[in-house]
Amino acid sequence: MASSGPAPIVSLRGVGKVFGNGLRALDGLDLDVREGEFLSLLGPSGCGKSTALRIIAGLSEPSQGTVTWRDGADARRGIGFVFQEPTLMPWTTVFGNVFLPLKLAGADRAAAAPRIMETLSRVGLTDFAEAYPRELSGGMRMRVSIARALVTAPRILLMDEPFAALDEITRFKLNDDLVSLWRELRMTVVFVTHSGFESVFLSSRIVVMTPRPGRVSNELVIDTPNRDAKFRTSAEYAGYCRVTSEALHAAMGAGAAA
Amino acid sequence: MNERVLRIVAPACVLALGVVLWDFIVRINSIPPYILPSPGLVLSTLVADWPILWSSLLATLETTIEGLALAVVGGIGLAMLFNQSRLIEHSLYPYAVILQVTPVVAVAPLLLIYLPQQAAVLACAWIVAFFPVLANTTLGLNSVDHNLADLFRLYGASRRQVLWELKLPAALPQMLAGIRIAGGLSLIGAVVAEIAAGSAGAGSGLAYRIAESGYRLNIPRMFAALLLLSFAGIAIFALLSWLTHFALRRWHESALTRES
C-alpha cells in the first residue's frame with residue numbers, strides 16, 4: 001500500500017480479531033484511512049468488515065496489531081457512527097435523538113438548538129424535529145441517524161451498511177444525499193457495504209476484503225468528478241462496477257481456498 | 001357495532017344476566033339472607049352501612065397505596081442497584097425470590113407478632129407487590145438495544161448518563177407493566193394481612209369487616225364489603241393502566257392503535 005499525500009488519519013497494522021467462540025474475524029489487516037476520502041470496505045458477509053469498523057471506532061479491541069491515530073488517541077472523540085439499523089431512542093423526538101451526542105457532552109438544549117436544526121435541514125428533516133421515530137419511514141429514520149452522527153461535526157464518519165435494509169429508491173436517494181454531504185462537509189467517510197454498485201457510486205477508494213479470516217485482497221480507486229444520477233447509468237460507472245465485481249469474486253475465491 | 005361499544009356492552013350484558021339469575025335463584029328457592037342475600041339486599045346494605053364501609057375502604061386503600069408506593073420505590077431502587085453491581089445482584093436476588101414464593105398468608109401472623117399492626121399490614125402489602133416491579137424493571141434495564149449502548153460508549157457517556165438517559169427510559173414499559181401488576185398484588189397483601197390481624201382482634205379495614213361480618217353471620221354486609229374491594233381493585237388497575245398509557249402514548253407499540 002503506497003502512501004501518497006498526507007499522513008492517514010488512522011492506520012491499522014496487522015490487526016487481527018479472534019472472538020471468544022474461536023472465530024477468527026480478522027487476520028493481518030493493514031488499512032490506512034486518508035483525510036477527506038470516501039473509503040468503502042467491500043466484501044461478502046462474514047469478511048470482518050463490520051468488525052474492522054468497530055475496531056476503528058474503539059467499540060471493539062483488536063486481538064493483535066495496532067490502531068494508530070494521527071492526532072493521538074483523543075481523535076476518537078471526533079467519530080460519528082451510523083449503524084445498520086437507525087438505532088434511535090424511541091422515547092424521544094427526532095430533535096431529542098439528534099441532541100443526544102451534544103447532551104452527553106454536557107451541552108445545553110437551548111444553546112444546541114440552532115446546530116441541531118441546521119443538521120436536520122442538511123438531511124431534509126426540518127419539519128420533523130418534533131416527530132417521534134415511530135412516525136417516520138425507514139429512510140427518514142436513517143436520515144435522523146445520519147444527522148445524529150453529523151451533529152458533532154465529526155472528523156471521520158463510520159457507516160456500517162446503513163442502507164442495507166432500505167428499498168432501492170430510498171437507497172439511491174440517500175446515496176445521492178450522502179455524496180453531496182461528503183462534498184459539502186469535506187469529511188472523511190469509512191463505509192461498509194456488501195454492494196459493489198453502491199461502493200462504486202459513493203467511494204473515492206474501495207478496499208475489497210476476503211472472508212474468513214478478513215484481510216485486504218484488493219484496492220480500487222474510483223476517480224471520477226461526476227457523481228450524480230447520470231453517473232449511475234454511464235458507461236464509466238458500468239466499467240467500474242465490472243472491475244469491482246471481478247475483484248469481489250476474486251476475493252471470495254481466495255477466501256474459499258484459504 | 002364497533003369495537004369500543006362492544007367492549008362495554010358485552011360484559012355489561014353478562015353482568016345483568018348474572019344479577020338477574022342470582023336474584024331469580026334466591027327468590028325461587030326462598031334462600032334466607034344469612035345463606036345467600038339477594039342482589040337488592042346487598043345493594044341496600046351497601047347504602048345503609050356506607051359510613052362504616054367507607055371508612056374501612058379508606059383504611060384498606062391507604063395501606064394498599066402505601067404498600068404500592070414502597071414497592072415501586074423499593075423495586076425500582078433495588079433493580080437499579082442490581083444493574084450497577086453484579087455482586088449485589090447475586091447476593092440479594094435469591095432472597096427476593098424467596099420472599100416472593102413464600103405465601104404471604106403464612107408470613108402475616110409472624111409479622112403481626114414482631115411488628116406493630118399497621119406496620120405489619122403494610123409489610124405484607126409490600127412483600128407481595130415489590131417483586132413484579134423488581135423483576136420487570138431488571139428485565140427492562142437488561143434489554144437495552146446493544147447498538148444504542150455502543151453509541152453511548154462512543155460518545156463517552158458516564159455510568160450515570162447511561163442509567164438515566166438510556167437504561168431507565170428503555171426500561172419504562174416493563175417497569176410500568178410491573179407496577180400495574182403490583183397494584184393488584186398490594187391490595188391482596190393488605191387484605192391477607194388484615195384478615196390475619198382481624199382474627200387477632202384489631203383492625204378496621206374492609207377485609208377485617210368481612211371477617212367480622214362472617215362471625216356475626218351478617219352475610220349481606222360481607223357481600224357489600226367484597227363488592228367494594230372488587231371496585232377498589234378495578235379502580236387501581238384502571239388508574240395504573242391509564243398512567244401506563246399516558247406515559248407511553250407517544251412512542252411505545254403497546255400504546256398505539258393500529259389501523260389495518
Side-chain angles (χ1 to χ4, degrees), chain A residues 50-51 53-61 73-107 109 130-136 141-142 144-145 148-149 151-152 154 156-162, chain B residues 76 79-80 83-84 86 136-180 242-260:
Chain A
S50 295
T51 308
L53 202 68
R54 290 177 60 83
I55 286 175
I56 296 174
L59 291 173
S60 175
E61 288 301 317
D74 282 351
R76 278 215 173 123
R77 287 270 158 203
I79 288 178
F81 202 105
V82 179
F83 296 91
Q84 193 167 352
E85 291 87 34
T87 315
L88 302 176
M89 300 179 292
W91 55 85
T92 183
T93 58
V94 167
F95 185 98
N97 271 286
V98 177
F99 177 45
L100 177 75
L102 304 174
K103 188 182 195 178
L104 292 177
R109 195 181 174 94
E130 294 310 314
Y132 281 77
R134 65 163 183 89
E135 297 164 333
L136 306 177
R141 284 179 204 176
M142 198 37 93
V144 178
S145 190
R148 180 180 59 194
V151 77
T152 54
I156 178 166
L157 179 63
L158 307 177
M159 306 181 89
D160 187 4
E161 300 196 43
Chain B
I76 294 174
M80 280 162 66
N83 194 261
Q84 295 297 302
R86 291 243 140 209
N136 281 29
T137 307
T138 301
L139 175 72
L141 291 175
N142 289 338
S143 40
V144 166
D145 182 329
H146 288 292
N147 284 337
L148 267 178
D150 278 346
L151 194 77
F152 272 66
R153 201 144 67 90
L154 195 69
Y155 288 119
S158 64
R159 273 174 91 92
R160 197 178 54 82
Q161 282 175 321
V162 170
L163 183 64
W164 286 97
E165 305 288 341
L166 176 64
K167 286 182 171 176
L168 283 175
L172 191 63
Q174 285 95 332
M175 205 187 285
L176 287 165
I179 292 172
R180 209 161 51 170
W242 177 81
L243 189 77
T244 303
H245 182 81
F246 183 79
L248 302 180
R249 74 198 186 287
R250 297 301 301 269
W251 65 275
H252 199 254
E253 295 298 333
S254 66
L256 304 175
T257 47
R258 292 187 63 203
E259 287 180 31
S260 52

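Note on naming: letters A, B, ... go to the chains in the order of the sequence lines (proteins, then strands), and numbering restarts at 1 for each one.
Of all non-hydrogen atoms in Asp150(B) and Phe83(A), the two that sit nearest each other are CB-CZ, 4.0 Å. Taking both residues in full, the closest heavy atoms of Arg249(B) and Arg134(A) are given as O-NH2, 4.0 Å, listed atom of the first, atom of the second, then distance. Of all heavy-atom pairs spanning Asp145(B) and Thr87(A), the tightest one is OD2-CG2, 4.1 Å. Minimum interatomic distance between Ala57(A) and Leu154(B) (heavy atoms only, all atoms of both residues): O-CD1, 3.4 Å.
Contact annotation for Asn147(B): both backbone and side-chain heavy atoms come within less than 4.5 Å of a heavy atom of chain A. Leu172(B) does not touch chain A: none of its heavy atoms, backbone or side chain, sits under 4.5 Å away. Looking at Arg148(A), the atoms closer than 4.5 Å to chain B (heavy atoms on both sides) sit in the backbone and in the side chain alike. Only the side chain of Leu100(A) comes within less than 4.5 Å of a heavy atom of chain B; its backbone N, CA, C and O stay farther away. Interface residue Thr152(A): only side-chain heavy atoms are found under 4.5 Å from chain B. Proximity to chain A (any heavy atom under 4.5 Å) is shown, for Glu165(B), by both the backbone and the side chain.
Atom CG of Leu102(A) is separated from atom OH of Tyr155(B) by 8.5 Å, given to the nearest 0.5 angstrom. Note that the OH atom of Tyr132(A) and the NE2 atom of His252(B) stand 14.0 Å from one another [nearest 0.5 Å]. Residue Glu85(A) holds its CD atom at 12.0 Å from NE2 of His146(B), rounded to the nearest 0.5 Å.
With contacts defined as side-chain heavy-atom distances shorter than 4.5 Å, the pair Leu166(B)/Trp91(A) qualifies.
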